[in-house]
Amino acid sequence: MATVCYRPEGLEQLESQTNFNKRELQVLYRGFKNECPSGVVNEDTFKQIYSQFFPHGDASMYAHYLFNAFDAAQSGSVKFEDFVAALSVLLRGTIHEKLRWTFNLYDINKDGYINREEMMDIVKAIYDMMGKYTYPVLKEDAPKQHVECFFQKMDKNKDGVVTLDEFIQSCQEDDNIMRSLQLFENVM
């Protein structure tokens, strides 16, 4: 049975839709094709690739959430265009674009709000990904404390959910978050 290979639209179109130039897109495409020869990555392959970066933990749940954020069309696969669009936002997007993308990652059920259950799922996935051998050693209730802190800071009107506007406003008021959003701006 022959494998059908996917080929992205022209680089000129991707160049106009992203914050990457033609040369950068060529480098990214080579790397993408190296990891995903068919030109498309499914969730299992994405999890395998992502887990290599976290050998001491279980990155599968966080990779699941990340995959869903990369798979904007919810097609069950990530094409090169999806990958590059997300990277463009994360590496070179405006603060608002980066925060909107992150909010979308955390809004697991895509209802426009982050609730405590979603945030707990994300935080647990992050803790699982980091692994058991962290220093200092994490307490059993660390995820719950993290979620409570998140809601104290972000849920401005105390209605039990965080909206995109609350998320953006709270993040912009936090110097650490703002610095972390700029960490990867000069990666490529």
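Residues passing the side-chain hydrogen bond (donor to acceptor under 3.5 Å, both in side chains) test with N68, sequence neighbours excluded: H64. Evaluation of the ring pair (Phe, Tyr, Trp, His ring centres under 6.0 Å) rule for F103 yields F167 as partners, not counting sequence neighbours. Scanning for ring pair (Phe, Tyr, Trp, His ring centres under 6.0 Å) contacts around F32 gives F80, F83, with sequence neighbours left out.
Sorted by first and then second residue, the pairs that involve residues 103-127 and meet salt bridge (Lys or Arg N to Asp or Glu O under 4.0 Å), not counting sequence neighbours, are R116-E148. Screening residues 44-62 for salt bridge (Lys or Arg N to Asp or Glu O under 4.0 Å), with sequence neighbours left out, gives E43-K47. Within the structure, every pair that satisfies the salt bridge (Lys or Arg N to Asp or Glu O under 4.0 Å) test and touches residues 159-173, not counting sequence neighbours, is listed here: K156-E173.
R23 and E15 are not joined by a salt bridge, as no carboxylate oxygen comes within less than 4.0 angstrom of a charged side-chain nitrogen.
Listed here is the closest heavy atom pair of Q48 and S51: O-OG, 2.9 Å. When every heavy atom of A59 is checked against every heavy atom of Y50, the shortest pair comes out as CB-CD2, 4.0 Å.
Remark: the backbone N or O of N21 is paired with a side-chain donor or acceptor of E24 at under 3.5 angstrom. Side-chain N or O atoms of D82 include one that pairs as donor or acceptor with a backbone N or O of K79 at under 3.5 Å. Using a distance-only test at 3.5 Å, with no hydrogens or angles considered, a donor-acceptor pair links the side chain of K98 to the main chain of L181.
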